[in-house]
There are 2 protein chains.
Amino acid sequence: MAKPAPQSQAEMRQRNLSRVLHALAAEGPLSRAEVAARIGLTRAAVSTLVDELSRGGLLVERGPGRSGAVGRPGTGLLLTDRGPCGFGAEIGVDHLAVAVMDLRGRVRIRLGQETRNQGAEPAAVLATLTGMLRDAARDAAGAGLRPTGLTVAVPGLLARDAGSGRSRLLMAPNLGWRDIDLAAGLPTGLGPVTVENEANLGALAELWSAGGAGVQDSFVHVSAEIGIGAAVVVEGRLLRGAHGFAGELGHVPVRPEGRPCSCGGRGCLETYAGEEAVLRAAGLEPGPGVRLGALAARCEAGDAGALRAVRQAGTALGIALSGAVNLLDPRQVVVGGALARLAPWLLAPVSRELARRTSVAAGGRSTPVPVRASPLGPDGPLLGAAGFTVRAALDEPSRLLRG
Amino acid sequence: MAKPAPQSQAEMRQRNLSRVLHALAAEGPLSRAEVAARIGLTRAAVSTLVDELSRGGLLVERGPGRSGAVGRPGTGLLLTDRGPCGFGAEIGVDHLAVAVMDLRGRVRIRLGQETRNQGAEPAAVLATLTGMLRDAARDAAGAGLRPTGLTVAVPGLLARDAGSGRSRLLMAPNLGWRDIDLAAGLPTGLGPVTVENEANLGALAELWSAGGAGVQDSFVHVSAEIGIGAAVVVEGRLLRGAHGFAGELGHVPVRPEGRPCSCGGRGCLETYAGEEAVLRAAGLEPGPGVRLGALAARCEAGDAGALRAVRQAGTALGIALSGAVNLLDPRQVVVGGALARLAPWLLAPVSRELARRTSVAAGGRSTPVPVRASPLGPDGPLLGAAGFTVRAALDEPSRLLRG
DNA sequence: GTATTTCGTCATGGCCGTTAACAAATTAGT
DNA sequence: ACTAATTTGTTAACGGCCATGACGAAATAC
C-alpha cells in the first residue's frame with residue numbers, strides 16, 4: 001500500500017520559511033516586523049521562523065536597522081553570504097562560463113574561457129567545463145560557500161524526461177549536437193543538475209534583476225543564439241509550453257510565401273532576421289568569429305550596408321513581435337542576449353512596426369508596448385543559470401537547513 | 001494601525017475544503033477514502049472535512065458506492081444539486097442567453113432570446129437581460145437553488161479596474177458599445193457580478209468539459225465573434241495578458257504589406273479571415289442575420305465560391321496560428337464559437353499550414369499540433385460563464401457554508 | 001464460517017500560527 | 001531631564017488542524 005505521502009502539515013511551515021527567505025532576498029535587510037508585514041504573518045510567527053533559519057546559519061543579524069523614525073528600531077536581517085550558494089554554467093557557441101552566486105544574489109566567483117564548441121565533441125566540451133566547475137568549487141569552498149546545485153544554460157531545445165526528471169538536450173543547431181544527456185557528463189557533488197535553454201534563463205535573469213529599471217512580471221524576451229528565441233514571462237512565471245518548446249519566434253511566419261526556411265516552412269522570421277541572414281545581407285560571410293559582434297562594429301563605423309541590413313532585420317522582427325504582442329499582451333518587450341549589442345540600430349524599426357500593428361489591439365491605450373534592450377546583455381543566460389539555482393534553493397529551506 | 005489580516009491558519013482548512021469540493025466536482029461520486037487518495041490527505045482528515053461540508057448542505061451521501069472489489073464498500077459522496085448554483089449570461093450580437101448551473105456542473109435552467117443588440121442602447125439590452133435573469137432566479141428558487149454569483153460573457157475588450165475589482169467594458173466593436181460599466185446595469189441579489197470576454201469563457205468551457213475528448217490543460221482556443229479572438233490556456237490557467245488584452249489573434253500580421261486594416265496596420269488576419277472579409281469573399285453581403293451560419297449553409301450546399309472563401313480564410317488562419325503555435329507550444333488548437341460551424345471545411349487548410357510551418361519548431365516531434373473543433377460550439381461562452389461562477393464558488397467554501 | 005481487505009470513526013498527540021501582554025529601545029514633547 | 005508615545009521582539013496560553021494508530025463495520029475470498 002503506497003502511503004499517500006505526508007502532506008500539508010509541515011508543508012505550511014516550509015512554505016513560510018521559504019517566504020521569509022524570499023522576502024529577504026528581494027529587499028535587502030529587513031527587520032522581523034518588516035518581514036511579517038511583507039508576508040502577512042504576525043511578528044511572533046516570524047520570530048520563530050527567523051530563529052530556525054538563524055540557527056541553521058542561513059541568515060545573520062546586522063545590528064540595529066533604520067533610525068529616524070519613532071519607536072524601537074528593528075534589527076536588520078540579511079541572508080548569509082557564507083553558506084549555501086548556487087552554481088551556474090553556460091555552454092555557448094564559442095565560450096564556456098561558470099558563475100557562483102550567493103544567497104543574496106551576488107556573483108562571487110566567475111570564470112570564462114574562449115573555446116570553439118561548434119561541431120566539437122560534446123564529451124570534450126563537458127570535460128573542459130567540468131574542470132572549470134571544479135576550479136570554481138575549490139574557490140567557493142575557500143570563500144566558505146557550499147554548493148546547492150548547478151544549472152547549465154545551453155543554446156538548444158530540451159525535453160524534460162518525466163521519469164528521471166532530467167532534461168535531455170534534443171538538438172542544438174549552433175553546436176551541432178543532438179540527443180545528449182548533458183547532466184551525465186557533468187560533475188556530481190555540486191548538487192542536482194538542471195539543464196535549461198539559455199534564452200529562458202536570460203529572460204529569468206531579466207526578471208530577477210530587480211536593481212534594473214524594469215521590474216516587470218510580464219514580458220517577451222528576445223535573444224538570438226539559436227536562430228531567434230523568445231522567452232515569454234507571464235505573471236512572473238516562465239512559459240515553457242506543453243512540450244517545453246515554447247518561444248520559437250524564429251519560425252513565426254513573417255512573409256507567408258517568402259524565402260524557404262530550413263524548417264520546411266516559408267518566410268520564417270529566421271530567414272530575415274536570423275544571424276546568418278543578417279550577416280549575409282550586410283555583406284559579411286558568416287563563419288567562426290564572424291558573428292553579431294562584427295556586425296555591431298560595422299554599424300558603429302557607419303557602414304551603410306550593415307545599417308540597412310540591421311534595419312531590415314528589425315522590421316521583420318517587429319512584424320513577428322507584433323503578432324506575439326497581440327497574442328500575449330506583455331507589459332514590455334526586452335531585447336537581450338547577443339542581440340542587445342545591436343540595440344542602438346535595431347530598436348527603432350522594431351518599435352515602429354510594433355506601434356503600427358498593435359494600436360487598436362491594445363484597446364486603444366495611448367502608449368504602445370515599450371521595447372528596450374536588456375541591461376544584462378550577453379551575461380543574461382549565465383546570471384539566469386546561477387540565479388535559477390539560488391531560487392530553487394530558497395524554495396526548499398529544509399534542504400538548506402539539514403546541510 | 002492596519003492589522004496584517006489573519007492568515008495561513010484557517011486558510012489551510014479552507015483550501016482543503018475547497019480541494020474536496022473540486023475533487024467531487026471533477027469525478028462523479030467518490031468515497032471518503034477515494035477523496036483522501038486524490039487530494040493527498042488521510043482518511044481521518046477527509047472525514048472531518050466531509051462532515052463540515054455535509055452539515056453545511058454542500059454534499060450528500062448516495063448510499064453504498066462501488067461493489068465487486070474486496071473490502072467494505074465506501075459511501076458515495078456527491079455534490080448537492082439543490083443548494084448553491086452559478087448564474088451565467090451571454091450578450092451576443094443577436095441574442096441574449098442565461099444559464100443556471102448547479103455545483104455538479106449540470107445546466108439546470110436555460111433561457112434564450114433573439115434580440116438585435118448591434119447598435120442598440122446598452123441600457124435597454126441590460127434591462128431585457130435583467131428580466132431574463134429574474135425569471136431564471138425565480139425558477140432557480142423553485143428548484144431549491146440559491147445563486148452565488150453571475151458571470152456575463154461579452155464580445156468585447158475589458159479592463160479590470162484595480163480599485164473596485166470590477167471590469168469595465170472598454171469596447172465591443174460588434175455591438176458598437178464603448179466604455180460601459182455593465183455590472184452597474186444588472187441585478188444585484190444574485191451575488192458578485194463578473195464580466196468577462198466571451199472568447200475567454202469559451203476556452204474555459206472547453207477546458208472544463210471533462211466529459212469531452214480532450215482534457216488538455218494547454219491549448220489555443222480560436223473563436224470569431226469580435227474579429228477573431230484566441231484564448232490561450234496554459235497549465236490550466238487562462239492567459240489574460242498584462243492589461244487583459246491577450247488573445248488578439250485577429251490583428252496578427254499575416255501578409256505584412258497586405259490589406260489595410262481598421263486597426264491601422266496592414267495584412268492583419270482579420271482582413272482575410274474575419275467574418276466580414278469571409279462573407280464578402282463568398283459573395284455574401286454582411287448584414288443583420290447574414291452571418292457565419294449563412295456561409296455554413298452555402299458550404300453544405302456545395303457552393304464553390306463559399307468553399308473557396310472558407311479555404312482561403314483557413315489558410316490565413318493557419319498562418320497566424322502557426323505563429324502562435326511556434327510561440328506557445330500548445331498541446332492542441334481548438335476551433336470554437338461560431339467558427340466551429342465551419343469546421344468541416346476550415347480544419348483541413350488550417351492543419352495544412354500548421355503542419356508546414358511548425359515541424360522543426362516542434363523539435364522534430366512526429367505529429368504536428370492537432371486541430372479540432374470544439375464540441376461545445378456556440379454554447380461555449382454561456383457554459384463557460386456559468387461554469388466560471390460555479391468554480392469561483394467552489395474556491396470559497398466559507399462563502400457557501402455561511403449561506 | 002473464518003480470514004482478509006477496505007472503509008469510516010475516534011482518541012491522542014504534535015505542530016503551528018494567533019492573541020495578548022510585556023520588556024526594551026528609541027523619538028516627541030514639555 | 002523626564003514622561004508619554006510608539007514600535008520592536010519575545011513569551012505563554014490558546015485553539016485549530018492534520019497525522020497516527022487502533023477499532024468496529026461491511027463486504028469479498030477461500
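FYI, side chains are in, hydrogens and waters are out, and symmetry mates aren't considered; it's all heavy atoms of this structure.
- Remark: B:Ala141 engages no residue in a side chain to side chain contact (heavy atoms under 4.5 Å, CB included) (not counting sequence neighbours).
- Dashed line: the shortest gap from a side-chain N or O of A:Arg13 to OP1 or OP2 of C:dC15 is not under 4.0 Å.
- The nucleotide whose nearest atom lies closest to any side-chain atom of B:Ser47 is, among C:dT9, D:dG9, D:dC18, C:dT9.
- With contacts defined as side-chain heavy-atom distances shorter than 4.5 Å, the pair B:Arg62/B:Leu77 does not qualify.
- To the nearest 0.5 angstrom, A:Leu145 atom CG is 6.5 Å from A:Asp102 atom CG.
- By the 6.0 Å contact criterion, CZ on B:Arg237 is open, its count of non-hydrogen atoms from other residues, nucleotides or ligands being 12 or less.
- Across the interface with DNA chain D, nearest-nucleotide mapping of B:Ala44 and B:Glu52 shows B:Glu52 to be the residue nearer the 5′ end.
- Minimum atom distance to the side chain of B:Leu41 is reached by D:dC18, of the listed D:dC18, C:dG8, D:dG9.
- For the OP1/OP2 pair of C:dT19 and a distance below 4.0 Å, the side-chain nitrogens and oxygens of A:Thr42 include no atom meeting the criterion.
- A salt bridge links A:Glu52 with A:Arg13: the closest approach of a Lys/Arg side-chain nitrogen to an acidic carboxylate oxygen falls below 4.0 angstrom.
- Checking D:dC18, C:dA20, C:dG17 against every side-chain atom of B:Met12, the shortest atom distance belongs to D:dC18.
- Among A:Val50, A:Leu49, A:Val20, the single residue meeting the side chain to side chain contact (heavy atoms under 4.5 Å, CB included) criterion with A:Arg32 is A:Val50.
- Side chain of A:Ala33, nearest nucleotide from C:dG8, D:dT8, D:dT20: D:dT8.
- The side chain of A:Thr75 places an N or O atom within less than 4.0 Å of a non-bridging phosphate oxygen (OP1 or OP2) of D:dG9.
- Over its length, the helix from C:dG1-D:dC30 to C:dT30-D:dA1 turns its helix axis by 10°, as judged from the five terminal pairs at each end, rounded to 10°.
- Among the atoms of the strands shown, only primed sugar atoms or phosphate atoms (P, OP1, OP2) are found under 4.0 Å from some heavy atom of B:Ala45.
- The distance from atom CZ of B:Arg32 to atom P of C:dT9 is 4 Å, rounded to the nearest whole Å.
- Within the 4.0 angstrom heavy-atom criterion, base atoms lie near A:Arg43.
- For A:Pro73, whose side chain is taken as the heavy atoms from C-beta onward, the closest listed nucleotide among C:dA25, C:dT19, D:dA19 is C:dA25.
- Nearest nucleotide to the B:Val70 side chain, out of D:dT6, D:dT28, D:dG9: D:dT28.
- Contact annotation: B:Asn16 does not reach the phosphate of D:dC17 (side-chain N/O to OP1 or OP2, under 4.0 Å).
- For A:Arg72 and D:dT8, a side-chain-to-base donor-acceptor distance below 3.5 Å is present, hydrogens and geometry of angles not being considered.
- To the nearest 0.5 Å, the span separating OG1 on B:Thr75 from CD on B:Glu61 amounts to 4.5 Å.
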